[in-house]
S.K.: 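Dumping the structure here so I can ask a few things about it.
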Protein chains: 2
Amino acid sequence: MSETDGVWQHCTNSAIRRAARQLGQLYDDLVEPSGLKGTQFSLMSQIALAGKDGTPLKPLAEGLVMDLSALGHTLKPLTRDGLVELIPDARDGRVKRARLTPLGAQKQEEALALWHDAQGRFDAVFGAERSAEMRSLLGLISTPDFAKAFRAAKQKSDD
Amino acid sequence: MSETDGVWQHCTNSAIRRAARQLGQLYDDLVEPSGLKGTQFSLMSQIALAGKDGTPLKPLAEGLVMDLSALGHTLKPLTRDGLVELIPDARDGRVKRARLTPLGAQKQEEALALWHDAQGRFDAVFGAERSAEMRSLLGLISTPDFAKAFRAAKQKSDD
DNA sequence: CCGATATAGTGGCATATACCACTAAATTCA
DNA sequence: TGAATTTAGTGGTATATGCCACTATATCGG
(Lines give C-alpha, C1' and ligand atoms only; values in the text may rest on other atoms or scores of the structure.)
Protein backbone atom coordinates (compact mmCIF):
# COMPACT_ATOMS: atom_id res chain seq x y z
CA MET A 1 0.00 0.00 0.00
CA SER A 2 1.24 3.45 -0.90
CA GLU A 3 2.07 6.07 1.70
CA THR A 4 -0.71 8.28 0.44
CA ASP A 5 -3.46 5.79 1.14
CA GLY A 6 -5.86 6.65 3.83
CA VAL A 7 -9.17 5.77 5.33
CA TRP A 8 -10.56 9.05 4.04
CA GLN A 9 -10.58 7.58 0.57
CA HIS A 10 -13.28 5.17 1.61
CA CYS A 11 -15.01 6.91 4.50
CA THR A 12 -17.05 10.00 3.75
CA ASN A 13 -17.13 10.91 7.40
CA SER A 14 -13.37 11.02 7.81
CA ALA A 15 -13.00 12.66 4.40
CA ILE A 16 -15.31 15.48 5.35
CA ARG A 17 -13.62 16.04 8.70
CA ARG A 18 -10.24 16.09 7.06
CA ALA A 19 -11.36 18.63 4.49
CA ALA A 20 -13.03 20.66 7.23
CA ARG A 21 -9.74 20.83 9.11
CA GLN A 22 -7.93 22.02 6.01
CA LEU A 23 -10.56 24.58 5.09
CA GLY A 24 -10.87 25.73 8.68
CA GLN A 25 -7.16 26.37 8.71
CA LEU A 26 -7.23 28.25 5.43
CA TYR A 27 -10.20 30.44 6.33
CA ASP A 28 -8.97 31.04 9.86
CA ASP A 29 -5.65 32.29 8.63
CA LEU A 30 -7.34 34.94 6.53
CA VAL A 31 -10.07 35.94 8.98
CA GLU A 32 -7.72 36.00 11.96
CA PRO A 33 -6.77 39.71 11.66
CA SER A 34 -10.33 40.51 12.76
CA GLY A 35 -9.72 38.61 15.96
CA LEU A 36 -12.46 36.12 15.11
CA LYS A 37 -12.19 32.43 14.29
CA GLY A 38 -13.94 31.21 11.19
CA THR A 39 -16.51 29.43 13.31
CA GLN A 40 -17.18 32.53 15.35
CA PHE A 41 -17.55 34.63 12.24
CA SER A 42 -20.03 32.15 10.77
CA LEU A 43 -22.02 32.05 13.95
CA MET A 44 -22.09 35.81 14.28
CA SER A 45 -23.07 36.20 10.65
CA GLN A 46 -25.97 33.85 11.16
CA ILE A 47 -27.03 35.76 14.26
CA ALA A 48 -26.72 38.99 12.30
CA LEU A 49 -29.36 37.73 9.88
CA ALA A 50 -31.87 37.87 12.71
CA GLY A 51 -31.48 41.62 13.07
CA LYS A 52 -31.96 43.55 16.27
CA ASP A 53 -34.65 41.30 17.71
CA GLY A 54 -32.18 38.46 17.75
CA THR A 55 -33.04 34.80 17.40
CA PRO A 56 -33.88 32.15 20.00
CA LEU A 57 -31.08 29.68 20.55
CA LYS A 58 -33.08 26.57 19.70
CA PRO A 59 -33.87 27.37 16.05
CA LEU A 60 -30.40 28.84 15.68
CA ALA A 61 -28.88 25.56 16.80
CA GLU A 62 -31.19 23.61 14.52
CA GLY A 63 -30.26 25.70 11.53
CA LEU A 64 -26.62 25.15 12.28
CA VAL A 65 -27.19 21.42 12.82
CA MET A 66 -25.60 21.86 16.19
CA ASP A 67 -26.45 20.60 19.64
CA LEU A 68 -28.17 23.29 21.70
CA SER A 69 -25.74 22.96 24.56
CA ALA A 70 -22.81 23.09 22.16
CA LEU A 71 -24.18 26.34 20.81
CA GLY A 72 -24.45 27.67 24.33
CA HIS A 73 -20.82 26.82 25.00
CA THR A 74 -19.67 28.30 21.70
CA LEU A 75 -21.50 31.51 22.53
CA LYS A 76 -19.65 31.89 25.82
CA PRO A 77 -16.46 33.52 24.54
CA LEU A 78 -18.53 35.81 22.33
CA THR A 79 -20.78 37.05 25.13
CA ARG A 80 -17.78 37.32 27.42
CA ASP A 81 -16.09 39.58 24.88
CA GLY A 82 -19.21 41.65 24.40
CA LEU A 83 -19.83 40.68 20.77
CA VAL A 84 -23.11 38.86 21.31
CA GLU A 85 -25.77 39.38 23.95
CA LEU A 86 -28.60 37.15 25.12
CA ILE A 87 -31.84 38.93 25.77
CA PRO A 88 -34.96 37.39 27.31
CA ASP A 89 -37.93 36.78 25.04
CA ALA A 90 -40.99 38.89 25.81
CA ARG A 91 -43.53 36.11 25.21
CA ASP A 92 -41.81 32.98 26.44
CA GLY A 93 -39.87 33.06 29.69
CA ARG A 94 -37.80 30.07 28.71
CA VAL A 95 -36.46 31.63 25.56
CA LYS A 96 -33.34 33.72 25.19
CA ARG A 97 -32.59 35.58 22.00
CA ALA A 98 -29.08 36.01 20.68
CA ARG A 99 -28.19 39.19 18.85
CA LEU A 100 -25.03 41.05 17.99
CA THR A 101 -23.99 43.99 20.11
CA PRO A 102 -22.93 47.14 18.25
CA LEU A 103 -19.35 46.07 18.80
CA GLY A 104 -20.19 42.60 17.53
CA ALA A 105 -21.85 44.01 14.43
CA GLN A 106 -18.78 46.10 13.75
CA LYS A 107 -16.46 43.12 14.20
CA GLN A 108 -18.64 41.00 11.96
CA GLU A 109 -18.52 43.56 9.18
CA GLU A 110 -14.79 43.84 9.56
CA ALA A 111 -14.41 40.08 9.31
CA LEU A 112 -16.82 39.97 6.39
CA ALA A 113 -14.31 41.63 4.11
CA LEU A 114 -11.65 39.14 5.15
CA TRP A 115 -14.04 36.25 4.69
CA HIS A 116 -14.91 37.50 1.24
CA ASP A 117 -11.28 37.21 0.30
CA ALA A 118 -11.21 33.63 1.57
CA GLN A 119 -14.36 32.60 -0.22
CA GLY A 120 -13.09 34.30 -3.36
CA ARG A 121 -9.88 32.34 -3.20
CA PHE A 122 -11.73 29.12 -2.66
CA ASP A 123 -13.90 29.76 -5.69
CA ALA A 124 -10.89 30.75 -7.74
CA VAL A 125 -8.94 27.62 -6.89
CA PHE A 126 -11.79 25.14 -6.75
CA GLY A 127 -13.90 26.71 -9.47
CA ALA A 128 -16.95 28.84 -8.68
CA GLU A 129 -19.18 26.30 -10.36
CA ARG A 130 -17.90 23.34 -8.38
CA SER A 131 -17.85 25.48 -5.27
CA ALA A 132 -21.56 26.19 -5.54
CA GLU A 133 -22.23 22.56 -6.37
CA MET A 134 -20.21 21.49 -3.37
CA ARG A 135 -22.14 23.78 -1.03
CA SER A 136 -25.34 22.43 -2.48
CA LEU A 137 -24.32 18.84 -1.78
CA LEU A 138 -23.11 19.71 1.70
CA GLY A 139 -26.42 21.45 2.29
CA LEU A 140 -28.25 18.33 1.21
CA ILE A 141 -26.29 16.22 3.67
CA SER A 142 -27.17 18.70 6.39
CA THR A 143 -30.94 18.49 6.01
CA PRO A 144 -33.18 16.78 8.56
CA ASP A 145 -34.56 14.73 5.69
CA PHE A 146 -31.15 13.35 4.91
CA ALA A 147 -30.64 12.40 8.54
CA LYS A 148 -34.05 10.77 8.59
CA ALA A 149 -33.38 8.81 5.43
CA PHE A 150 -29.97 7.77 6.72
CA ARG A 151 -31.34 6.50 9.99
CA ALA A 152 -34.15 4.70 8.24
CA ALA A 153 -31.90 3.13 5.60
CA LYS A 154 -30.82 -0.46 5.64
CA GLN A 155 -27.37 -1.25 4.35
CA LYS A 156 -27.23 -2.51 0.80
CA SER A 157 -27.71 -6.26 0.75
CA ASP A 158 -28.54 -6.84 -2.92
CA ASP A 159 -25.12 -7.51 -4.46
CA MET B 1 -35.50 36.61 4.42
CA SER B 2 -36.77 33.09 4.84
CA GLU B 3 -36.18 31.14 8.01
CA THR B 4 -34.18 28.58 6.11
CA ASP B 5 -31.57 31.03 4.91
CA GLY B 6 -28.14 30.64 6.33
CA VAL B 7 -24.57 31.64 5.91
CA TRP B 8 -23.73 28.08 4.92
CA GLN B 9 -25.38 28.72 1.57
CA HIS B 10 -22.62 31.15 0.70
CA CYS B 11 -19.69 30.01 2.81
CA THR B 12 -18.04 26.74 1.94
CA ASN B 13 -16.28 26.68 5.26
CA SER B 14 -19.42 26.86 7.35
CA ALA B 15 -21.21 24.52 4.95
CA ILE B 16 -18.57 21.87 5.37
CA ARG B 17 -18.51 22.20 9.16
CA ARG B 18 -22.27 21.96 9.29
CA ALA B 19 -22.29 18.83 7.15
CA ALA B 20 -19.45 17.40 9.21
CA ARG B 21 -21.51 17.83 12.37
CA GLN B 22 -24.46 16.07 10.78
CA LEU B 23 -22.40 13.25 9.38
CA GLY B 24 -20.43 12.91 12.58
CA GLN B 25 -23.67 12.50 14.45
CA LEU B 26 -25.00 9.94 12.03
CA TYR B 27 -21.85 7.83 11.94
CA ASP B 28 -21.29 8.13 15.67
CA ASP B 29 -24.75 6.80 16.42
CA LEU B 30 -24.04 3.66 14.44
CA VAL B 31 -20.44 3.11 15.54
CA GLU B 32 -21.18 3.86 19.18
CA PRO B 33 -21.96 0.24 20.20
CA SER B 34 -18.26 -0.49 19.70
CA GLY B 35 -17.44 2.12 22.32
CA LEU B 36 -15.53 4.19 19.77
CA LYS B 37 -16.35 7.60 18.35
CA GLY B 38 -16.25 7.97 14.61
CA THR B 39 -13.11 10.06 14.86
CA GLN B 40 -11.42 7.47 17.03
CA PHE B 41 -12.38 4.71 14.65
CA SER B 42 -10.99 6.65 11.70
CA LEU B 43 -7.78 7.37 13.51
CA MET B 44 -7.36 3.78 14.63
CA SER B 45 -8.09 2.52 11.14
CA GLN B 46 -5.41 4.78 9.75
CA ILE B 47 -2.96 3.56 12.36
CA ALA B 48 -3.94 -0.01 11.56
CA LEU B 49 -2.75 0.53 7.98
CA ALA B 50 0.78 0.90 9.33
CA GLY B 51 0.82 -2.63 10.69
CA LYS B 52 2.79 -3.82 13.66
CA ASP B 53 5.71 -1.42 13.18
CA GLY B 54 3.37 1.47 13.66
CA THR B 55 3.79 4.89 12.16
CA PRO B 56 5.55 8.01 13.41
CA LEU B 57 3.16 10.71 14.57
CA LYS B 58 4.37 13.42 12.24
CA PRO B 59 3.49 11.78 8.92
CA LEU B 60 0.32 10.43 10.49
CA ALA B 61 -0.73 13.96 11.39
CA GLU B 62 0.19 15.21 7.94
CA GLY B 63 -1.87 12.55 6.25
CA LEU B 64 -4.81 13.44 8.42
CA VAL B 65 -4.28 17.17 7.76
CA MET B 66 -4.13 17.58 11.48
CA ASP B 67 -1.89 19.55 13.79
CA LEU B 68 0.73 17.32 15.41
CA SER B 69 -0.17 18.43 18.90
CA ALA B 70 -3.86 17.91 18.18
CA LEU B 71 -3.05 14.37 17.14
CA GLY B 72 -1.17 13.88 20.36
CA HIS B 73 -4.15 15.06 22.35
CA THR B 74 -6.57 12.91 20.39
CA LEU B 75 -4.39 9.90 21.01
CA LYS B 76 -4.53 10.38 24.77
CA PRO B 77 -7.85 8.66 25.49
CA LEU B 78 -6.88 5.82 23.17
CA THR B 79 -3.55 5.16 24.84
CA ARG B 80 -5.17 5.59 28.24
CA ASP B 81 -7.70 2.88 27.33
CA GLY B 82 -5.01 0.59 25.98
CA LEU B 83 -6.16 0.67 22.37
CA VAL B 84 -3.09 2.38 20.94
CA GLU B 85 0.49 2.36 22.12
CA LEU B 86 3.41 4.63 21.35
CA ILE B 87 6.71 2.87 20.86
CA PRO B 88 10.09 4.55 20.45
CA ASP B 89 11.68 4.49 17.04
CA ALA B 90 14.88 2.45 16.81
CA ARG B 91 16.71 4.89 14.53
CA ASP B 92 15.56 8.31 15.68
CA GLY B 93 15.29 9.07 19.37
CA ARG B 94 12.80 11.87 18.76
CA VAL B 95 10.31 9.69 16.96
CA LYS B 96 7.47 7.73 18.51
CA ARG B 97 5.49 5.23 16.53
CA ALA B 98 1.79 4.69 17.05
CA ARG B 99 0.34 1.23 16.62
CA LEU B 100 -2.75 -0.62 17.70
CA THR B 101 -2.56 -2.92 20.68
CA PRO B 102 -4.16 -6.34 20.26
CA LEU B 103 -7.18 -4.98 22.12
CA GLY B 104 -7.18 -1.97 19.84
CA ALA B 105 -7.04 -4.13 16.74
CA GLN B 106 -9.96 -6.15 18.01
CA LYS B 107 -12.00 -3.04 18.77
CA GLN B 108 -11.18 -1.61 15.37
CA GLU B 109 -12.41 -4.73 13.62
CA GLU B 110 -15.53 -4.70 15.68
CA ALA B 111 -16.20 -1.08 14.79
CA LEU B 112 -15.39 -1.79 11.15
CA ALA B 113 -18.58 -3.79 10.71
CA LEU B 114 -20.61 -0.98 12.24
CA TRP B 115 -18.85 1.59 10.10
CA HIS B 116 -19.58 -0.47 7.02
CA ASP B 117 -23.26 -0.19 7.79
CA ALA B 118 -22.94 3.58 8.11
CA GLN B 119 -21.00 4.00 4.89
CA GLY B 120 -23.47 1.71 3.16
CA ARG B 121 -26.36 3.83 4.30
CA PHE B 122 -24.63 6.98 3.17
CA ASP B 123 -24.06 5.53 -0.26
CA ALA B 124 -27.62 4.30 -0.43
CA VAL B 125 -29.13 7.65 0.48
CA PHE B 126 -26.66 9.91 -1.27
CA GLY B 127 -25.92 7.66 -4.19
CA ALA B 128 -22.75 5.59 -4.42
CA GLU B 129 -21.65 7.55 -7.46
CA ARG B 130 -22.06 10.94 -5.86
CA SER B 131 -20.58 9.57 -2.66
CA ALA B 132 -17.36 8.61 -4.40
CA GLU B 133 -17.34 11.92 -6.27
CA MET B 134 -17.82 13.76 -3.01
CA ARG B 135 -14.93 11.97 -1.35
CA SER B 136 -12.81 12.77 -4.34
CA LEU B 137 -13.60 16.48 -4.12
CA LEU B 138 -13.05 16.47 -0.37
CA GLY B 139 -9.75 14.75 -0.96
CA LEU B 140 -8.78 17.43 -3.43
CA ILE B 141 -9.52 20.16 -0.90
CA SER B 142 -7.36 18.31 1.60
CA THR B 143 -4.20 18.22 -0.48
CA PRO B 144 -1.15 20.35 0.31
CA ASP B 145 -1.34 21.62 -3.26
CA PHE B 146 -4.81 22.96 -2.69
CA ALA B 147 -3.67 24.74 0.44
CA LYS B 148 -0.70 26.14 -1.43
CA ALA B 149 -2.85 27.38 -4.29
CA PHE B 150 -5.36 28.88 -1.87
CA ARG B 151 -2.71 30.76 0.04
CA ALA B 152 -1.13 31.98 -3.16
CA ALA B 153 -4.42 33.05 -4.74
CA LYS B 154 -5.57 36.62 -5.02
CA GLN B 155 -9.23 37.37 -4.58
CA LYS B 156 -11.21 38.01 -7.76
CA SER B 157 -10.97 41.69 -8.65
CA ASP B 158 -12.78 41.77 -11.99
CA ASP B 159 -16.19 43.04 -10.90
C1' DC C 1 33.92 17.97 18.07
C1' DC C 2 30.92 22.01 19.01
C1' DG C 3 27.69 25.34 18.67
C1' DA C 4 23.61 26.78 15.69
C1' DT C 5 19.61 25.17 13.68
C1' DA C 6 15.97 22.03 12.50
C1' DT C 7 12.76 18.36 13.77
C1' DA C 8 9.46 15.35 16.76
C1' DG C 9 6.74 15.29 20.62
C1' DT C 10 4.67 17.05 25.06
C1' DG C 11 1.98 20.02 27.99
C1' DG C 12 -0.75 24.14 28.86
C1' DC C 13 -4.43 26.84 27.39
C1' DA C 14 -8.46 28.06 24.45
C1' DT C 15 -12.27 27.10 21.41
C1' DA C 16 -15.60 23.57 19.17
C1' DT C 17 -18.85 20.25 20.05
C1' DA C 18 -21.43 16.28 22.16
C1' DC C 19 -24.08 13.93 26.02
C1' DC C 20 -26.28 14.02 30.42
C1' DA C 21 -28.57 15.82 34.40
C1' DC C 22 -30.92 19.63 36.09
C1' DT C 23 -33.92 24.01 36.35
C1' DA C 24 -37.44 26.86 34.88
C1' DA C 25 -41.21 27.88 32.23
C1' DA C 26 -44.98 26.67 29.09
C1' DT C 27 -48.43 23.47 27.52
C1' DT C 28 -51.66 19.60 28.01
C1' DC C 29 -55.25 17.34 29.90
C1' DA C 30 -58.26 15.40 33.23
C1' DT D 1 -57.04 24.66 38.18
C1' DG D 2 -53.37 21.56 39.16
C1' DA D 3 -50.45 17.63 38.09
C1' DA D 4 -47.89 15.47 34.19
C1' DT D 5 -45.34 16.34 30.22
C1' DT D 6 -42.78 18.98 26.98
C1' DT D 7 -39.60 22.55 25.82
C1' DA D 8 -35.48 26.03 26.26
C1' DG D 9 -31.32 26.80 28.39
C1' DT D 10 -27.38 25.96 31.71
C1' DG D 11 -23.46 23.61 33.71
C1' DG D 12 -20.49 19.59 34.10
C1' DT D 13 -17.61 16.42 31.78
C1' DA D 14 -15.33 14.42 27.79
C1' DT D 15 -13.37 14.37 23.24
C1' DA D 16 -11.60 17.15 19.01
C1' DT D 17 -8.51 20.42 17.54
C1' DG D 18 -5.41 24.54 17.19
C1' DC D 19 -1.48 27.68 18.95
C1' DC D 20 2.46 28.47 21.69
C1' DA D 21 6.33 27.43 24.59
C1' DC D 22 9.42 24.01 25.90
C1' DT D 23 12.42 19.64 25.77
C1' DA D 24 15.04 16.31 23.62
C1' DT D 25 17.29 14.67 19.79
C1' DA D 26 19.29 14.94 15.28
C1' DT D 27 21.73 17.38 11.72
C1' DC D 28 24.72 20.88 9.73
C1' DG D 29 28.65 24.15 9.40
C1' DG D 30 33.02 25.14 10.56
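Proteins come first, then strands; the chains are lettered A, B, ... in the order of their sequence lines, and each starts at number 1. Keep in mind the model is a prediction, meaning the values are calculated, not measured.
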S.K.: Of all heavy-atom pairs between A:W8 and A:R18, which one has the smallest distance, and what is that distance?
M.R.: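 Minimum heavy-atom separation between A:W8 and A:R18: CD1-NH1, 3.2 Å.
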S.K.: When the distance from CZ of A:R91 to P of C:dA26 is rounded to whole Å, what number comes out?
M.R.: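 It works out to 13 Å between those atoms.
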S.K.: By the 4.0 Å heavy-atom rule, please label B:G72 as base, sugar-phosphate, or nothing.
M.R.: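 Touches nothing.
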S.K.: Which atom pair, heavy atoms only, marks the closest approach of B:Q22 to A:T143?
M.R.: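 Where B:Q22 meets A:T143 most closely, the heavy atoms are NE2-O, 2.8 Å.
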S.K.: How many Å lie between CE on B:M44 and P on D:dA16, as a whole number?
M.R.: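 Going from CE in B:M44 over to P in D:dA16 covers 12 Å.
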S.K.: Just by modelled atom types, is the A:L138 backbone N or O under 3.5 Å from a matching donor or acceptor in the A:S142 side chain?
M.R.: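 Answer holds: yes.
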S.K.: Does a nitrogen or oxygen in the side chain of B:K76 sit under 4.0 Å from OP1 or OP2 of C:dT10?
M.R.: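 For B:K76, the contact criterion (side-chain N or O under 4.0 Å from OP1 or OP2 of C:dT10) is not met.
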S.K.: When you measure from the side chain of B:K96, which nucleotide among C:dG9, D:dT10, D:dA24 comes out closest?
M.R.: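 Selected nucleotide: C:dG9.
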S.K.: How many whole angstroms separate atom OH of B:Y27 from atom P of D:dT15?
M.R.: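 Going from B:Y27 (OH) to D:dT15 (P), I get 23 Å.
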S.K.: Return the value, rounded to whole Å, for the distance between atom CG of B:L57 and atom P of C:dG9.
M.R.: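 Going from CG in B:L57 over to P in C:dG9 covers 4 Å.
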S.K.: Nucleotide by nucleotide, 5' to 3', does protein get under 4.0 Å of the base (B), only the sugar-phosphate (S), or neither (-) in nucleotides 15-22 of chain C, counting heavy atoms?
M.R.: SSBBBB--
S.K.: Can A:E85 and A:T79 be counted as having a side-chain donor-acceptor contact under 3.5 angstrom?
M.R.: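 On atom types as modelled, these side chains do not qualify, holding no pair under 3.5 Å.
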S.K.: Using a strict 4.0 Å threshold on nitrogen-to-oxygen distance, state whether A:D89 and A:R97 make a salt bridge.
M.R.: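 Salt bridge between A:D89 and A:R97, a charged N being under 4.0 Å from a carboxylate O: yes.
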S.K.: Has A:K58 got a side-chain N or O lying under 4.0 Å from the OP1 or OP2 atom of D:dA8?
M.R.: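 Answer yes for this pair, as a side-chain N or O of A:K58 is under 4.0 Å from OP1 or OP2.
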S.K.: What's the CG-P distance between B:L60 and C:dA8, to the nearest Å?
M.R.: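 The answer, rounded to whole Å, is 13 Å.
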S.K.: Looking only at side-chain N and O atoms, does A:D67 offer a donor or acceptor that is under 3.5 Å from a partner on A:S69?
M.R.: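 Side chains of A:S69 and A:D67: pair found under 3.5 Å.
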S.K.: Salt bridge check: are A:R151 and B:D29 linked by an N-O gap of less than 4.0 Å?
M.R.: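 Yes.
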S.K.: If I take atom CD in residue A:E62 and atom P in nucleotide D:dT7, what distance separates them, rounded to the nearest angstrom?
M.R.: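 Roughly 11 Å, once rounded to whole Å.
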S.K.: Once you round it to whole Å, what is the distance between P of D:dT15 and CG of B:L43?
M.R.: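 It works out to 14 Å between those atoms.
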